[in-house]
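What follows is one structure encoded as structure tokens, with my remarks underneath.
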Amino acid sequence: VDLALLSELVHKSLLRWNAQGRYEIHELLRQYAAEKLDALPEERQRVRERHSRYYVQFISAREPDLFGERLQEIRDEIRTEMENVRAGVHWAVAHWNEAEARDALARFDAVFLVQGWYEGKEAFAAIVQALQEGQETAADGGAPPSPPLLSAMAYQALYGSLLGDSDASEAILQKCLTALDLLGIQREVVVCQFAHGVSAFYRGEFETARQRFEQSLTLARAGQFQRWAAHSLMWLGWLLCELGDYVRAQALCEESYSLYREQGNRWGMAFVLTKLGLVADAKQDHALARRCHQEALDILAAFGDRAGQAYATSRLSLTAYGEGKYAEAMQWGSQGYELFEELGHRWGMGASLCRTGFAALGLGRYREAKTCFHQALELATGMEHVPLMLYSLAGLASLLAAEGKAAKALELFAFVEAHPQTPVTYLNITKRWSSDIETRLPKSESSAARMRGATSTLETIVDTFLRDLSGGVLFPTMG
């Protein structure tokens with residue numbers, strides 16, 4: 001670049017030097033230049049191509065540092081150029097060869113993993129829409145979706161799954177996974193299997209989730225996609241923790257942590273720490289859990305990762321609850337909810353509401369606890385996320401027990417305990433409220449309450465609570 005020429009253009013007010021140390025052109029001049037360029041199609045093609053190559057290389061060169069100590073610095077550099085990066089990637093997927101286009105999408109995905117999942121979902125949805133508008137699809141009776149379109153769909157589904165939007169994600173995955181598999185596009189097949197696992201996990205389809213994570217792990221290892229292998233190990237460990245297999249859960253999370261560390265991936269290491277904290281909480285080692293969650297929170301806060309901060313903050317509520325520090329648990333739970341709400345992460349909002357509800361219960365603030373569990377139940381029902389519905393119901397059962405409604409509490413506890421999609425970790429949280437419930441009742445009444453709970457259906461119980469609680473009734477009649 002001719003610095004003398006740039007200085008002259010600034011002097012003539014055709015360019016200006018902004019506070020970020022970048023040259024800017026007046027919008028009217030930019031529009032004028034664009035119109036002139038549009039009148040020269042071949043030159044316009046060359047300029048767009050050079051622009052795209054530059055900005056895809058720009059994010060590719062920064063990817064090795066994007067997950068490490070320089071994460072915030074690198075992410076801020078990319079954010080400053082995001083408009084150019086988006087334009088460059090859009091051009092790449094529409095005009096480059098299939099392999100290069102897919103590689104550009106993979107680099108784009110790395111950016112949004114640490115920059116923002118909601119942004120990632122929206123960014124890939126925009127690419128999918130642009131590609132669909134630019135080509136005929138099989139559904140329209142034309143050519144089948146191109147590999148770049150299928151690739152973009154896989155990443156769009158990934159971010160939908162991570163945000164708890166399981167239905168929309170699954171609908172996309174059904175359209176692209178088989179085609180990607182037939183084409184032998186292994187990296188995106190890994191992404192799809194992983195996204196399937198996340199969606200199944202949130203819906204409580206635990207065996208399906210386990211199979212999907214194991215498939216994504218096997219394929220990631222075979223293809224040397226180390227970051228995806230670490231992701232899969234972490235989520236598989238979290239799944240096993242929820243199912244009560246704490247030994248294997250810890251081993252898988254530790255393996256994931258080691259793999260992230262080998263990659264210099266501090267971001268991934270922080271996320272695994274929150275999972276190791278969950279395992280420690282489940283094993284009643286709350287001191288270790290606190291260290292894990294706090295270290296993760298410190299790292300993720302330094303990186304400015306809002307999603308990571310939401311997870312770590314909400315999980316510190318669980319630790320404080322386990323320690324009997326209910327006021328602190330209320331604070332962490334409320335902060336976690338606010339962060340998840342900011343991100344539009346409905347599953348995280350529901351889980352945080354339940355954690356806040358249990359903290360309120362510990363403080364004897366029953367009205368607040370009821371409100372939290374009720375709101376969580378409404379959220380979970382709207383998403384059709386069964387484990388989260390059961391978490392809310394476990395909270396309501398604990399509330400009934402705390403209020404001395406032993407028969408109704410036992411009936412609801414019996415239902416939640418017997419349901420195959422109730423995570424073991426959710427049952428552990430209720431023990432301080434459910435452990436002596438049967439001793440408060442005559443044996444015949446206890447047996448009858450358990451029988452009513454065992455023969456109830458999720459739909460009936462949820463409908464009863466949502467209807468009666470919305471009408472202001474604290475304890476609906478069941479059975």
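Any value given below was found using the heavy atoms of this structure, including those in side chains, with hydrogens, waters and symmetry copies removed. Position 1 is the first residue of the sequence, and the numbers go up from there.
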Report task. Carefully, step by step, assess Arg221 and Glu255 under the rule salt bridge (Lys or Arg N to Asp or Glu O under 4.0 Å). Result -> CA-CA 13 Å; Arg221 282 172 166 164; Glu255 185 179 353; 2.6 Å; yes
Query raised in the report: Between Arg102 and Glu98, does a salt bridge (Lys or Arg N to Asp or Glu O under 4.0 Å) hold up when you go through it step by step?
Result: CA-CA 6 Å; Arg102 288 178 40 246; Glu98 292 176 358; over 6 Å; no
So, does [X] use its side chain to make a donor-acceptor pair with the main chain of [Y] at under 3.5 Å?
| X | Y | answer |
| --- | --- | --- |
| Ser199 | His196 | no |
| Ser317 | Thr313 | no |
| Thr430 | Leu427 | yes |
| Tyr159 | Asp109 | yes |
| Ser392 | Leu388 | yes |
| Ser314 | Ala310 | no |
| Ser169 | Ala157 | yes |
| Thr356 | Ser352 | yes |

**Report entry** Distance in Å, Leu390 CG paired with Ile461 CD1, rounded so as to fall on 0.5 Å steps
**Finding:** 9.0 Å
Is it the case that the side chains of [Y] and [X] hold a donor-acceptor pair, with the cut-off being a distance below 3.5 Å and no angle test?
| X | Y | value |
| --- | --- | --- |
| His95 | Glu49 | no |
| Arg75 | Gln115 | no |
| Gln226 | Gln263 | no |
| Glu133 | Gln129 | yes |
| His385 | Tyr391 | no |
| Arg290 | Thr319 | no |
| Asp305 | Gln309 | no |
| Asp281 | Tyr321 | no |

All N/O donor-acceptor pairs, side-chain side in residues 230-240, below 3.5 Å, sequence neighbours left out:
| residue | atom | partner | partner atom | Å |
| --- | --- | --- | --- | --- |
| His231 | ND1 | Arg227 | O | 3.3 |
| His231 | ND1 | Tyr260 | OH | 2.4 |
| Ser232 | OG | Ser216 | OG | 2.7 |
| Ser232 | OG | Trp228 | O | 2.9 |

Report task. Walk me through it: do Met153 and Phe124 pass the test side-chain contact (heavy atoms from CB on, under 4.5 Å)? Result -> CA-CA 7 Å; Met153 292 170 69; Phe124 283 105; over 6 Å; no
Query raised in the report: Hey, mind stepping through Phe340 and Tyr311 against ring-ring contact (aromatic ring centres under 6.0 Å, His included) and telling me if it holds?
Result: CA-CA 8 Å; Phe340 279 123; Tyr311 276 111; 5.3 Å; yes
Requested in this report: Applying side-chain contact (heavy atoms from CB on, under 4.5 Å), run through Arg107 and Val85 and close with a yes or a no.
Outcome: CA-CA 11 Å; Arg107 308 305 165 207; Val85 169; over 6 Å; no
Is there a side-chain contact between [X] and [Y], using heavy atoms and a 4.5 Å cut-off?
| X | Y | answer |
| --- | --- | --- |
| Phe194 | Leu217 | no |
| Gln193 | Val189 | yes |
| Glu81 | Ile78 | no |
| Gln421 | Met389 | no |
| Phe206 | Pro387 | yes |
| Phe415 | His419 | yes |
| Cys192 | Leu180 | yes |

**Report entry** Whether over 12 other heavy atoms sit under 6.0 Å from Phe225 CZ
**Finding:**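 It does: Phe225 CZ has more than 12 such atoms within range.
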Requested in this report: Might you confirm whether atom CZ of Arg50 has over 12 heavy atoms from other residues, nucleotides or ligands at distances under 6.0 Å?
Outcome: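 At most 12 heavy atoms, drawn from other residues, nucleotides or ligands, come within 6.0 Å of this atom.
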Considering all heavy atoms of both residues, which atom of [X] and which atom of [Y] are nearest to each other, and what is their separation?
| X | Y | answer |
| --- | --- | --- |
| Leu396 | Leu377 | CD1-CD2, 4.3 Å |
| Arg187 | Asp103 | NH2-CA, 3.7 Å |
| Val272 | Ser256 | CG2-OG, 3.3 Å |
| Val198 | Phe213 | N-CZ, 3.5 Å |

Query - Passing option when Leu316 is tested against Gln335, His293, Arg355 for side chain to side chain contact (heavy atoms under 4.5 Å, CB included) - result: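 The side chain to side chain contact (heavy atoms under 4.5 Å, CB included) with Leu316 is passed solely by His293 among Gln335, His293, Arg355.
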Requested in this report: May I ask you to establish whether Lys121 and Tyr155 are in a cation-pi arrangement, using a distance under 6.0 Å from NZ or CZ to the six-membered ring centre and at most 45° from the ring axis?
Outcome: no
**Report entry** Within 45° cone of Phe58 ring axis and under 6.0 Å: Arg62 NZ or CZ
**Finding:** yes
Report task. Please lay out, stage by stage, how Glu73 and Arg70 fare under the test salt bridge (Lys or Arg N to Asp or Glu O under 4.0 Å). Result -> CA-CA 5 Å; Glu73 172 192 345; Arg70 298 178 60 208; 2.8 Å; yes
Report task. Decide, yes or no, whether a salt bridge links Glu384 with Arg203 under the criterion of side-chain N to carboxylate O below 4.0 Å. Result ->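 No, no charged N to carboxylate O under 4.0 Å.
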Requested in this report: Determine, for Arg291 against Glu295, whether the closest basic-nitrogen to carboxylate-oxygen distance falls under 4.0 angstrom.
Outcome: no
Report task. Show your reasoning for whether side-chain contact (heavy atoms from CB on, under 4.5 Å) applies to Tyr55 and Trp91. Result -> CA-CA 11 Å; Tyr55 279 102; Trp91 178 269; over 6 Å; no
Requested in this report: Quick one: do Arg86 and Glu83 satisfy salt bridge (Lys or Arg N to Asp or Glu O under 4.0 Å)? Show the steps, please.
Outcome: CA-CA 5 Å; Arg86 288 178 190 273; Glu83 186 176 349; over 6 Å; no
Query raised in the report: Should Leu300 and Arg306 be marked as a side-chain contact (heavy atoms from CB on, under 4.5 Å) after you check the CA-CA gap, both sets of side-chain angles, and the distance that decides it?
Result: CA-CA 8 Å; Leu300 293 163; Arg306 304 296 280 174; over 6 Å; no
Query raised in the report: Of Gln215, Glu207, Glu214, which is the lone residue that meets side-chain hydrogen bond (donor to acceptor under 3.5 Å, both in side chains) with Gln211?
Result: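 Filter result, single survivor: Glu207.
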